[in-house]
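Atoms within each ligand, like the ligands themselves, are counted from 1 in listed order. Computed from a prediction, not measured in an experiment: that's the story for all the values here.
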Amino acid sequence: MYIGSIDQGTTSTRFIIFDKQGNQISVGQKEHAQIYPHAGWVEHDTNEIWQNTQEVIGLALGKANLSVSDIAAVGITNQRETTVVWNRHTGKPYYNALVWQDTRVGNMVAELAKEGGADRFRATTGLPLATYFSGLKIVWLLENVEGLRADAEKGDAIFGNMDTFIIWHLTGGIEGGIHITDVTNASRTQLMDLKTLAWDDEILQTLNIPKAMLPEIKSSSEVYGEARGVLAGVPVAGDLGDQQAALVGQTCFAQGEAKNTYGTGCFMLMNTGTKITPSNYGLLTTVAYQFGNQPVNYALEGSVAITGALVQWLRDNLGIIEKSSDVETLANSVEDNGGCYFVPAFSGLYAPYWKSDARGVIVGLTRYVNKAHIARAALEATAYQTLEVLEAMEKDSEIEISSLRVDGGMVVNETLMQFQSDMVEVPVVCPAMIETTALGAAYAAGLAVGYWKDLDDLKQNWGIANTWKPTMETEKRNKLHHFWKKAVSRSFDWEE
Ligand SMILES: Nc1ncnc2c1ncn2[C@@H]1O[C@H](COP(=O)(O)OP(=O)(O)O)[C@@H](O)[C@H]1O
Ligand SMILES: O=P(O)(O)OC[C@H](O)CO
């Protein structure tokens with residue numbers, strides 16, 4: 001028997017089948033369209049995503065010559081915060097999904113911050129006011145889609161992140177689909193109280209969001225229901241936001257263990273145990289996971305919005321590379337960044353700055369600078385942003401990070417990984433299985449049905465594939481860091 005995992009990410013949807021040792025047996029993957037109706041707006045067509053989800057499940061099963069009866073359970077992991085509202089009787093979405101990177105609620109952030117400041121919901125939710133989280137995206141939909149508020153108040157229009165949306169469809173949709181989410185996803189809406197793990201009535205009232213539209217909050221690992229359709233009969237038994245899933249996939253179960261995932265954005269999470277650790281240095285406090293009825297584990301998180309997305313931007317918007325992997329060759333065709341720094345504040349700046357009004361800048365330009373320096377500056381930006389998050393993480397947790405566990409699509413880039421190690425001045429360690437996100441959701445589902453016994457069982461599956469050690473002279477590293485900080489300050493206060 002095997003475990004299936006649906007990974008509904010920002011750029012694509014995957015279905016991966018794992019065996020007991022955590023080996024990938026088969027994968028089906030499909031990209032979906034990124035929709036940019038205006039500057040700063042990012043949307044997804046959720047009908048396309050549900051269609052793709054069903055296709056990739058069929059694809060992966062077919063490739064491995066497996067049938068649904070070979071799958072002991074399925075877990076779901078997802079791009080977090082991305083917000084969709086649909087009608088429970090027709091299944092039709094009221095609007096495209098508003099993607100986590102979308103900045104259209106910038107004015108609401110400024111308005112709300114006038115009373116109580118940017119941290120007014122932080123004590124309850126662990127999150128600062130920002131365009132990033134689901135709550136304000138729901139408010140935008142309620143205020144801008146005709147008839148939606150009335151339907152939401154009746155409980156006909158229901159909200160979900162992509163986990164909720166997929167689980168609802170997977171378990172029958174208009175014919176009895178279950179409307180649930182897990183504690184990790186709920187912790188990213190800015191509507192859940194971190195202590196009680198319930199929707200917070202005061203915030204719902206302030207934002208005027210009807211409670212009837214919200215899903216029931218469950219643990220990350222339990223049998224929620226049974227799939228119908230493509231996975232008919234398979235227990236749906238795991239649900240984790242993708243960055244929390246990567247933490248689980250990397251088996252960071254002990255307090256102080258951390259990982260950094262390099263995808264569209266970069267997300268460093270440190271397990272802080274069963275204790276809520278507030279941040280004073282610009283990180284988020286969030287739920288790490290909850291397995292069944294065990295106590296919940298919390299995490300500190302440093303979220304960076306644009307890392308791999310910058311490589312895509314060089315490819316799609318500037319056309320200076322043909323495919324993502326070309327960025328490494330181009331960057332290596334010059335010795336250094338030529339004095340050029342690229343701050344990709346395309347969605348404002350997330351951790352540790354939380355500046356919704358920042359926008360991207362390329363600075364240090366002279367006639368000497370060419371496209372290779374820009375490619376290098378783009379790669380370096382990922383490493384500098386990670387360095388700043390790591391520094392904040394060490395201060396907030398009072399734990400020194402002695403090595404950095406990494407995963408995600410960008411870790412194949414050796415130049416970046418070496419530069420990353422030089423910047424953070426500790427070894428960067430990559431496991432053999434880099435699909436840790438999908439693996440984490442598979443672990444959650446497998447634990448719920450007894451496929452894996454306990455966390456020790458999972459820990460045995462983790463092994464190192466690569467390590468990069470720091471080699472750069474400290475003086476050179478400090479100079480680069482100094483200029484990066486100057487560059488960041490140039491991106492502030494742009495949007496009005
Ligand atoms: N060789 C490479 N060098 C740098 N970035 C890369 C490379 N290959 C892929 N990427 C970037 O990695 C990202 C894809 O990683 P993935 O983990 O699949 O992301 P996500 O889960 O966010 O969709 C893309 O943004 C892509 O530009
Ligand atoms: O889909 P990813 O891997 O880009 O992850 C997105 C994050 O969950 C956003 O918070």
Participant: Where does Arg14 meet ligand 1, judged by heavy-atom distances below 4.0 Å: at the side chain, the backbone, both, or neither?
Facilitator: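 The answer is the side chain.
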
Participant: Of all the atoms in ligand 1, which lie at a distance below 4.0 Å from a heavy atom belonging to Val327?
Facilitator: 3 (N), 4 (C)

Participant: Should Glu322 and Arg315 count as an ion pair when the cut-off is N to O under 4.0 Å?
Facilitator: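 Not counted as a salt bridge, because no side-chain N and carboxylate O are separated by less than 4.0 Å.
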
Participant: Quick test of your reading of the structure: of Cys266, Ser12, Ser324, whose heavy atom lies closest to atom 9 (C) of ligand 1?
Facilitator: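 Among Cys266, Ser12, Ser324, the closest heavy atom to atom 9 (C) of ligand 1 comes from Ser324.
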
Participant: Please identify which atoms of ligand 2 are closer than 4.0 Å to at least one heavy atom of Gln243.
Facilitator: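 Atoms satisfying the 4.0 Å criterion: 3 (O), 5 (O).
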
Participant: Between Asn413 and ligand 1, find which residue part has any heavy-atom pair under 4.0 Å and reply side chain, backbone, both or neither.
Facilitator: side chain

Participant: Holding to ring-ring contact (aromatic ring centres under 6.0 Å, His included), I want the full list of residues that pass it with Tyr2, two or more places apart in sequence or in another chain.
Facilitator: none

Participant: Give the atom numbers and elements of ligand 1 that come within less than 4.0 Å of a heavy atom of Ala309.
Facilitator: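 Here the atoms of ligand 1 in question are 25 (O).
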
Participant: Out of curiosity, is Ser325 lining ligand 1, as in a heavy atom under 4.0 Å away?
Facilitator: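 Flag set, Ser325 near ligand 1.
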
Participant: Can you tell me if His44 uses its side chain to pair, donor with acceptor, with the backbone of Asn96 under 3.5 Å?
Facilitator: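 Answer holds: no.
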
Participant: In terms of residue, atom name and distance, what is the protein heavy atom nearest to atom 1 (O) of ligand 2?
Facilitator: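 Nearest protein contact, heavy atoms only, for atom 1 (O) of ligand 2 is Thr10 OG1, 2.7 Å.
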
Participant: If the threshold is 4.0 Å, N to carboxylate O, is there a salt bridge linking Lys469 and Glu425?
Facilitator: no

Participant: Ignoring angles and geometry beyond distance, decide whether Arg188 reaches within less than 3.5 Å of ligand 2 through its nitrogen or oxygen atoms.
Facilitator: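 No.
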
Participant: Numbering the atoms of ligand 1 from 1, which are under 4.0 Å from a heavy atom of Val412?
Facilitator: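 Matching atoms, with element in brackets: 1 (N).
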
Participant: Please determine if Glu81 and Lys137 form a salt bridge, counting it only when a charged side-chain N lies under 4.0 Å from a carboxylate O.
Facilitator: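 No, Glu81 and Lys137 are not salt-bridged.
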
Participant: Taking distance alone, with N or O pairs closer than 3.5 Å, would you say Gln79 contacts ligand 2?
Facilitator: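 No; the residue has no nitrogen or oxygen that sits under 3.5 Å from a nitrogen or oxygen of the ligand.
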
Participant: Which heavy atom of the protein is the closest neighbour of atom 5 (N) of ligand 1, given with residue, atom name and distance?
Facilitator: Met410 CG, 3.5 Å

Participant: Is Glu391 salt-bridged to Lys395, cutoff N-O under 4.0 Å?
Facilitator: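 The answer is no: the pair does not qualify as a salt bridge.
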
Participant: Should Asp239 and Lys218 count as an ion pair when the cut-off is N to O under 4.0 Å?
Facilitator: no

Participant: Check this for me: does any side-chain nitrogen of one of Arg104 and Glu43 sit under 4.0 Å from a carboxylate oxygen of the other?
Facilitator: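 Looking at Glu43 together with Arg104, the answer is yes, because their closest N to O distance falls below 4.0 Å.
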
Participant: Look at the rings of Trp41 and His38 and say which category their plane angle falls in: under 30° parallel, 30 to 60° tilted, over 60° perpendicular.
Facilitator: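 Aromatic pair Trp41/His38 classed perpendicular.
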
Participant: I'd like to know whether ligand 2 has Gly263 as a neighbour, heavy-atom separation below 4.0 Å.
Facilitator: no

Participant: Out of Lys323, Gln312, Arg315, Glu414, whose heavy atom sits nearest atom 24 (C) of ligand 1?
Facilitator: Gln312

Participant: N/O to N/O below 3.5 Å, does that happen between Gly308 and ligand 1?
Facilitator: yes

Participant: With ring pair (Phe, Tyr, Trp, His ring centres under 6.0 Å) as the test, pick out the partner of Phe342 among Phe483, Trp313, Trp484.
Facilitator: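 Single ring pair (Phe, Tyr, Trp, His ring centres under 6.0 Å) partner of Phe342 among Phe483, Trp313, Trp484: Trp313.
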
Participant: Thr11 to ligand 1: N or O pair under 3.5 Å?
Facilitator: yes

Participant: For atom 9 (C) of ligand 2, what's the nearest protein heavy-atom neighbour? Residue, atom name and distance, please.
Facilitator: Glu81 OE1, 3.3 Å

Participant: Run through Phe159, Trp50, Trp86 and flag the one making a ring pair (Phe, Tyr, Trp, His ring centres under 6.0 Å) with Phe165.
Facilitator: Trp86

Participant: Atom 5 (O) of ligand 2: which protein heavy atom is closest, and how many Å away?
Facilitator: Asp242 OD2, 2.8 Å

